[in-house]
Amino acid sequence: MARRKKIYEGKAKILYEGPEPGTIVQYFKDDATAFNAEKKAVIEGKGVLNNRLSEYFMTGLNQIGVPTHFIKSLNMREQLCKSCEIVPLEIIVRNYAAGTMSKRLGIDEGTQLPRPIVEYCLKDDSLGDPLVSEEHIAAFGWASQQDMEDILSLALRVNDFLTGIMYAVGIRLVDFKIEVGRVYDGDFQRLVVADEISPDSCRLWDIETGQKLDKDVFRRDLGNLTDAYTEVAQRLGVMPKTSTPITKPTLIN
Ligand code: CDP
């Protein structure tokens, strides 16, 4: 049987050619990596949870008029998306200090920021995705001034949307990362939210207890990652409370 063509394999996903021109299929793997892939594991069920959660967030964004690459879910691990040209930036929005911001600036994790702060990192694993300024982005032509205005507006709208739906289920959205892509429509190009939105790319803390419900559980060995992601999915009502895809992580190096 003809196998569809693999376009790219990343750390957590595989992209295949889609059934029609201008589409791709995004397959969510169970692989987890941290610290620029120095720490790796296969966590059974993670891909299924992230596929479902990303579908939920992207569908909601599409419905409120924030354009995304998401078209529809195909099965437990795959979704059909518009193919786009990824802007080589990781766009991070922070509401509370954590992670590298806390380390870099000496601000205690969990400190509320005076307003959402947007940061840009260059998407380059070999350099460890370094923080870059808008000066770098303009000078090296990674995105135009108009792109940067659109990116900022997308990032803040995603932040408002995600903050609200998380708050409603007792979860604090500490920070998150998005990627954006260019979609061409004849002679026009527009930017859309691409890649994924999942607990792999957000920091999510229980509002009452401060319990971490995101990839820091894996990065910092705080327990079972699938349990944490299942908790998020169940609170959001995207996974029945009875399902228990719970398994221990297997370290592969
Ligand atoms: O996560 P880490 O401490 O390495 O970096 P950060 O700059 O504090 O990350 C901010 C947010 O972006 C966190 O929610 C990360 O999970 C997310 N992020 C990501 O998804 N992918 C990256 N390559 C870097 C950060």
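Atoms within a ligand are numbered from 1 in the order they appear, just like the ligands themselves. One-based numbering along the sequence shown. A quick note: this is a predicted structure, and the numbers were derived from the prediction, not measured.
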*G99 neighbourhood, listing ligand 1 atoms whose heavy-atom distance to it stays under 4.0 Å*: 3 (O), 8 (O)

_If the test is salt bridge (charged side-chain N to carboxylate O under 4.0 Å, His left out), which one of K177, K215, K46 qualifies with D200?_
K46

*Between D200 and ligand 1, which residue portion shows a heavy-atom distance shorter than 4.0 Å: side chain, backbone, both, or neither?*
backbone

*Please report which non-hydrogen protein atom sits nearest to atom 4 (O) of ligand 1, along with the residue it belongs to and the distance in Å to one decimal place.*
T100 CG2, 4.0 Å

*Can R220 and E109 be counted as an ion pair, charged N to O under 4.0 angstrom?*
yes

*For ligand 1, indicate whether the residue I92 contacts it via side chain, backbone, both or neither (heavy-atom separation under 4.0 Å).*
side chain

*For atom OH of Y184, decide whether the heavy atoms of other residues, nucleotides or ligands shown that lie under 6.0 angstrom number more than 12.*
yes

*Note the single closest protein heavy atom to atom 22 (C) of ligand 1, along with its residue, its atom name and the distance in Å.*
E90 OE1, 3.1 Å

*Quick one: does K215 get a heavy atom under 4.0 Å from ligand 1?*
no

*asked:* Taking a cutoff of less than 4.0 Å between a non-hydrogen atom of the residue and any ligand atom, is D214 in contact with ligand 1?
replied: no

*Is atom CG of N75 surrounded by more than 12 heavy atoms (other residues, nucleotides or ligands) closer than 6.0 Å?*
yes

*Nearest to atom 11 (C) of ligand 1, what protein heavy atom do you find, and at what distance?*
D175 OD1, 3.4 Å

*Looking at N51, N50, D30, which hits side-chain hydrogen bond (donor to acceptor under 3.5 Å, both in side chains) with R77?*
D30

*With heavy atoms of K177 as the reference, note each atom of ligand 1 found under 4.0 Å away.*
12 (O), 17 (C), 18 (N), 19 (C), 20 (O), 21 (N)

*Contacting atoms of ligand 1, where contact means under 4.0 angstrom from a heavy atom of R94*: 6 (P), 7 (O), 8 (O), 10 (C)

*Heavy atom of the protein closest to atom 1 (O) of ligand 1 (residue, atom name, distance)*: R203 NH2, 3.1 Å

*asked:* Tell me whether R219 reaches ligand 1 (any heavy atom closer than 4.0 angstrom to a ligand atom).
replied: yes

*With a cut-off of 4.0 Å, which atoms of ligand 1 are near a heavy atom of D129?*
23 (N)

_Going by side chain to side chain contact (heavy atoms under 4.5 Å, CB included), C121 matches just one of L127, I91, I92. Which one?_
I92

*Using a cut-off of 6.0 Å, state whether more than 12 heavy atoms not belonging to F35 lie near its atom CZ.*
yes

*Decide, yes or no, whether a salt bridge links D206 with R235 under the criterion of side-chain N to carboxylate O below 4.0 Å.*
yes

_Structural part of C202 in contact with ligand 1, heavy atom criterion under 4.0 angstrom_ = backbone

*Is it possible for you to check whether R203 lies under 6.0 Å from the centre of the six-membered ring of Y96, through NZ or CZ, and within 45° of that ring's axis?*
no

